[in-house]
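Everything below concerns the one structure shown next.
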Amino acid sequence: MKNDRVYKILFSSVYPLYIQKAEKKGRTKEEVDIVTKWLTGYSDEELKAQIEKKADFETFFAEAPKLNQNVSKITGVICGYRVEEIEDPLMQKIRYLDKLVDELAKGKKMEKILRE
């Protein structure tokens, strides 16, 4: 995987796609925000600030307050890769977020998505 290009993608350019994917399946922007904040530890204000300042994925995850302690419970395949086997820490975080949004769009219950 050539990761450098992915790291420089603006989170603010992908975020609307996450919302669009979720809304197509009857979920909401608020639910996308919940899973994003669960993963990263951002508050509403901090998440909004990351979007407004057009942070790339590298910055978005570098500045994340705290990765959720249950992140290791996120397993499965996303984009053809098992998330628990991705060796690059930043790419793994990006794919964790992809996986959470994917689970949301597939109609999983929020308690299961948030590994409660």
Side-chain angles (χ1 to χ4, degrees):
M1 265 191 295
K2 186 98 169 121
N3 299 335
D4 295 348
R5 288 181 45 188
V6 175
Y7 300 160
K8 297 302 174 194
I9 294 173
L10 301 181
F11 175 75
S12 62
S13 69
V14 178
Y15 177 70
L17 301 175
Y18 288 150
I19 295 168
Q20 183 180 30
K21 181 176 186 174
E23 287 179 342
K24 274 186 189 175
K25 299 293 185 168
R27 302 308 281 258
T28 65
K29 173 194 176 293
E30 290 73 25
E31 289 175 309
V32 172
D33 288 352
I34 288 168
V35 299
T36 303
K37 292 183 298 185
W38 176 88
L39 177 65
T40 61
Y42 282 119
S43 67
D44 287 327
E45 298 77 27
E46 292 166 330
L47 179 59
K48 187 177 180 206
Q50 288 292 322
I51 293 165
E52 288 174 355
K53 78 175 189 176
K54 299 191 182 322
D56 58 25
F57 271 114
E58 189 170 23
T59 304
F60 179 77
F61 281 105
E63 294 179 356
K66 185 177 184 222
L67 208 58
N68 191 287
Q69 64 185 10
N70 289 328
V71 75
S72 63
K73 294 181 180 179
I74 302 172
T75 60
V77 177
I78 190 79
C79 300
Y81 296 94
R82 294 202 69 71
V83 292
E84 62 271 25
E85 295 174 0
I86 296 173
E87 292 181 11
D88 182 301
L90 179 55
M91 183 55 72
Q92 189 175 46
K93 291 172 190 170
I94 294 168
R95 295 303 182 200
Y96 281 151
L97 183 55
D98 290 343
K99 183 72 177 164
L100 294 174
V101 173
D102 195 51
E103 289 176 352
L104 188 63
K106 287 182 176 175
K108 258 191 162 182
K109 291 185 176 177
M110 191 60 81
E111 304 82 53
K112 289 202 183 281
I113 296 169
L114 301 181
R115 278 52 183 181
E116 292 177 350

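Atom set for the values below is all heavy atoms of this structure, side chains included, hydrogens, waters and symmetry mates excluded.
Contact detail for Gln50 and Ala55: the closest heavy-atom pair is OE1-CB, 3.0 Å. Heavy-atom minimum distance, Leu90 versus Asp88: N-OD1, 3.0 Å. Minimum interatomic distance between Glu46 and Gly41 (heavy atoms only, all atoms of both residues): OE1-O, 3.9 Å. Between Arg95 and Cys79, the shortest heavy-atom distance links the atoms NH1-SG, 3.3 Å. Across Leu104 and Ala22, no two heavy atoms sit closer than the pair CD2-CB, 4.1 Å.
Once rounded to the nearest 0.5 Å, the distance linking OG1 of Thr28 with CD of Glu30 reads 4.5 Å. For the atom pair CD (Glu84) and CD1 (Ile74), the distance works out to 10.5 Å, reported to the nearest 0.5 Å. In this structure, Lys99 NZ and Tyr81 OH are separated by 15.5 Å, a value rounded to the nearest 0.5 Å. Between the CZ atom in Phe11 and the CZ atom in Phe61 there is a gap of 7.5 Å [rounded to 0.5 Å]. Interatomic distance, OG of Ser12 versus NZ of Lys53, reported as 11.5 Å (0.5 Å rounding). Atoms OH and NZ, on Tyr18 and Lys21 in that order, are 9.0 Å from each other to the nearest 0.5 Å.
Considering only heavy atoms from C-beta on, Phe60 comes within 4.5 Å of Leu47 through its side chain. Side-chain contact between Asp98 and Val83 is absent, with no heavy atoms from C-beta onward closer than 4.5 Å. The shortest side-chain heavy-atom distance between Val32 and Arg27 does not fall under the 4.5 Å cut-off. Side-chain contact between Glu31 and Ile113 is absent, with no heavy atoms from C-beta onward closer than 4.5 Å. Side chains of Asn68 and Tyr96 form no contact here, defined as non-hydrogen atoms less than 4.5 Å apart. At a threshold of 4.5 Å between non-hydrogen side-chain atoms, the residues Tyr15 and Leu10 do not count as touching. Within the 4.5 Å cutoff, the side chain of Val35 has heavy atoms near those of the Met110 side chain.
Formation of a donor-acceptor pair under 3.5 Å by the Gln92 side chain with backbone atoms of Glu87 is not found in this model. Panel note: side chain Arg115, backbone Asn70; no donor-acceptor pair is recorded below 3.5 Å. Remark: side-chain polar atoms of Tyr42 are not paired, donor with acceptor, to backbone N or O of Pro65 under 3.5 angstrom.
Checking Ile78, Leu39, Val71 one by one against Leu100, the side chain to side chain contact (heavy atoms under 4.5 Å, CB included) holds for a single residue, Leu39.
Electrostatic pairing of Lys29 and Asp33 counts as a salt bridge here, judged by a charged N lying under 4.0 Å from a carboxylate O. A salt bridge is absent between Asp4 and Lys8; no separation between the charged side-chain nitrogens and carboxylate oxygens falls under 4.0 Å.
For NZ of Lys108, the number of neighbouring non-hydrogen atoms (other residues, nucleotides, ligands) closer than 6.0 Å is greater than 12.
Taking hydrophobic clusters as Ile, Leu, Val, Met, Phe, Trp and Tyr residues chained together by side-chain heavy-atom distances below 4.5 Å, Ile9 shares a cluster with Leu97.
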Item to check | Audit row: Leu114, Ile34, side chain to side chain contact (heavy atoms under 4.5 Å, CB included) steps and yes/no | outcome: CA-CA 9 Å; Leu114 301 181; Ile34 288 168; 4.0 Å; yes
